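Sequence lines set the chain letters: A, B, ... in the order given, protein chains first and strands last, and positions in each chain run from 1. What you see is a predicted model; the values in this text were computed from it and never measured.
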2 protein chains.
Amino acid sequence: MGTTRTPRASWIEQGLRALATGGPDAVRIENLAQSLGVTKGGFYGYFRNRDALLTEMLDTWEYEVSDGIIAQVDRAGGDARARLERLFLLVAEAADGPVRGITADLAVRAWARHDAGVAERLRRVDNRRMHYLRSLFSEFCTDTDEVEVRCLLAVTVRIGNHFHAADDGIRSRADVMATIRKRLLS
Amino acid sequence: MGTTRTPRASWIEQGLRALATGGPDAVRIENLAQSLGVTKGGFYGYFRNRDALLTEMLDTWEYEVSDGIIAQVDRAGGDARARLERLFLLVAEAADGPVRGITADLAVRAWARHDAGVAERLRRVDNRRMHYLRSLFSEFCTDTDEVEVRCLLAVTVRIGNHFHAADDGIRSRADVMATIRKRLLS
DNA sequence: CCCCTTCCATACGGTGGCGTACAGAAGAGC
DNA sequence: GCTCTTCTGTACGCCACCGTATGGAAGGGG
């Protein structure tokens with residue numbers, strides 16, 4: 001059996017990369033092939049068609065950014081605050097990765113706005129994340145309403161911040177975000 | 001001079017509607033024509049090409065959601081808190097409009113992630129909005145850092161909330177959002 | 001009633017991307 | 001070196017959409 005020259009995973013990763021930078025309509029098979037240094041000849045040996053690729057891209061994304069990340073955070077142990085800090089850090093430093101990166105996350109969110117299937121996946125991911133956040137915040141917040149507020153803030157501020165294009169004011173955006181993060185953990 | 005049957009503004013509005021529901025790649029001329037009950041024959045009498053339409057769509061959007069809304073809020077008068085409440089209300093009730101609606105806003109944000117020209121426009125809009133928010137929050141917040149935090153929260157939570165797909169928890173999303181809004185005005 | 005302007009329908013060529021077909025290269029195992 | 005499998009290059013038909021050209025409808029102004 002000849003060595004797989006450009007394996008299945010290559011197409012998926014390159015697809016996610018294209019999705020992150022150009023949206024779902026930028027996931028063109030001939031385009032991915034060129035980025036991989038081949039032609040589309042081999043593509044249809046792995047995937048039935050373009051939709052099949054999109055599906056598998058979403059499969060890997062869905063796992064990686066929910067159970068994948070949570071498992072990685074839990075593996076390191078520590079109390080709730082330590083895990084939250086570790087989670088924030090992990091999410092920040094994977095920022096430009098093709099799968100767990102924030103750009104892929106945002107691209108999927110934008111995509112979900114006009115594709116029911118993607119919306120359903122995103123719903124699962126966000127539910128899973130919120131469930132995890134609730135469990136962590138509850139460990140040092142007794143008021144359940146306060147827990148809900150902090151969970152929603154943690155998630156929406158992170159997403160909204162990346163869609164927000166304003167320049168820095170007197171304080172830099174990073175500074176303000178750090179202040180907000182500190183308050184969430186108080 | 002014959003009455004303009006489907007005027008310039010129709011194409012722009014329908015274009016924004018398509019943008020809001022399907023993203024920029026859904027703004028197909030022949031598609032808009034069908035939605036308007038005509039063919040694309042008349043389109044090229046108004047616009048040089050598809051890009052010209054996109055530009056004009058963004059022009060109207062940019063004005064409406066920045067100076068347009070601000071002027072409408074200021075016209076009603078009142079102190080800073082009253083204006084903020086009015087702003088939040090106005091933004092909420094225009095939610096499904098084709099121009100000022102949140103879906104158009106989100107579509108433009110998603111679009112800006114992979115189009116430099118759109119990103120520049122969005123930057124202008126967000127700077128204008130932040131400037132206005134700062135002026136309002138400063139009137140009852142003495143601490144400038146606190147002003148920055150509230151401005152960023154107001155903007156990012158609103159955006160992030162619409163990109164967030166999780167189901168309601170113990171408290172409904174609307175309830176939690178109301179709590180956050182109340183805190184911002186305290 | 002006719003003209004004239006404005007808008008619309010239709011047909012056309014051009015382009016880009018999808019999916020298929022098939023032949024050839026590139027190794028692995030013998 | 002031969003063969004067999006697997007992957008890749010190339011060519012093709014197809015479709016959606018863009019932008020253009022042109023004839024014709026619709027309605028106001030004289």
Side-chain angles (χ1 to χ4, degrees), chain A residues 1-60 98 107-108 110-111 113-118, chain B residues 1-60 107 110-111 113-118:
Chain A
M1 174 164 45
T3 303
T4 295
R5 280 160 275 183
T6 72
R8 208 184 176 70
S10 298
W11 292 98
I12 294 176
E13 183 179 323
Q14 195 66 33
L16 284 167
R17 214 182 297 272
L19 170 66
T21 61
D25 289 288
V27 183
R28 303 264 94 100
I29 296 171
E30 286 164 322
N31 203 27
L32 303 183
Q34 191 175 1
S35 300
L36 292 169
V38 295
T39 63
K40 65 181 173 178
F43 176 85
Y44 292 94
Y46 294 123
F47 306 93
R48 225 184 78 259
N49 53 23
R50 181 172 171 272
D51 273 341
L53 170 65
L54 295 177
T55 301
E56 293 211 30
M57 283 165 48
L58 288 168
D59 283 341
T60 64
V108 172
W111 189 4
R113 296 198 58 76
H114 51 88
D115 183 306
V118 178
Chain B
M1 172 165 42
T3 304
T4 295
R5 280 160 276 183
T6 72
R8 206 183 178 69
S10 299
W11 292 98
I12 294 176
E13 183 178 323
Q14 195 66 33
L16 284 167
R17 214 182 296 274
L19 171 66
T21 62
D25 289 288
V27 184
R28 300 265 97 97
I29 297 172
E30 285 166 324
N31 204 26
L32 303 184
Q34 192 175 1
S35 301
L36 291 170
V38 296
T39 63
K40 65 181 173 179
F43 175 84
Y44 292 94
Y46 295 122
F47 306 93
R48 223 184 81 258
N49 53 23
R50 181 172 171 271
D51 273 341
L53 171 65
L54 295 177
T55 301
E56 293 211 29
M57 283 166 48
L58 288 168
D59 283 341
T60 64
W111 189 4
R113 296 197 59 76
H114 51 87
D115 183 305
V118 178

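- In this structure, the CD atom of Q34(B) is 12 Å from the P atom of dC18(D), given to the nearest Å.
- Applying the side-chain contact (heavy atoms from CB on, under 4.5 Å) test to T39(B) and every residue at least two apart in sequence or in another chain returns nothing.
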Find every protein N or O atom lying less than 3.5 Å from an N or O atom of nucleotides 8-10 of chain C, and list the pairs.
unit_1: dC8(C); atom_1: OP1; unit_2: T6(B); atom_2: N; d: 3.3
unit_1: dC8(C); atom_1: OP1; unit_2: T6(B); atom_2: OG1; d: 3.1
unit_1: dC8(C); atom_1: OP2; unit_2: T6(B); atom_2: OG1; d: 3.3
unit_1: dA9(C); atom_1: OP2; unit_2: T39(B); atom_2: N; d: 2.4
unit_1: dA9(C); atom_1: OP2; unit_2: T39(B); atom_2: OG1; d: 2.9

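- Within residues 47-54 of chain A, the residues that place at least one heavy atom under 4.0 Å from DNA chain C are, in residue-number order, N49(A), R50(A).
- For residues 46-59 of chain B, every residue pair satisfying the side chain to side chain donor-acceptor pair (under 3.5 Å) rule, not counting sequence neighbours, is listed here: R8(B)-E56(B), D59(B)-R121(B).
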Acceptor/donor pairs from residues 9-32 of chain B side chains to any protein atom, 3.5 angstrom cut, sequence neighbours excluded:
unit_1: E13(B); atom_1: OE2; unit_2: R17(B); atom_2: NH2; d: 2.5
unit_1: T21(B); atom_1: OG1; unit_2: R17(B); atom_2: O; d: 3.3
unit_1: T21(B); atom_1: OG1; unit_2: A18(B); atom_2: O; d: 3.4
unit_1: R28(B); atom_1: NH1; unit_2: D25(B); atom_2: O; d: 2.9
unit_1: E30(B); atom_1: OE2; unit_2: K40(B); atom_2: NZ; d: 3.1

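- Contacts with DNA chain D (heavy atom under 4.0 Å) in residues 25-33 of chain A: none are found.
- In this structure the side chain of L58(B) reaches within 4.5 angstrom of the side chain of W111(B), judged on heavy atoms.
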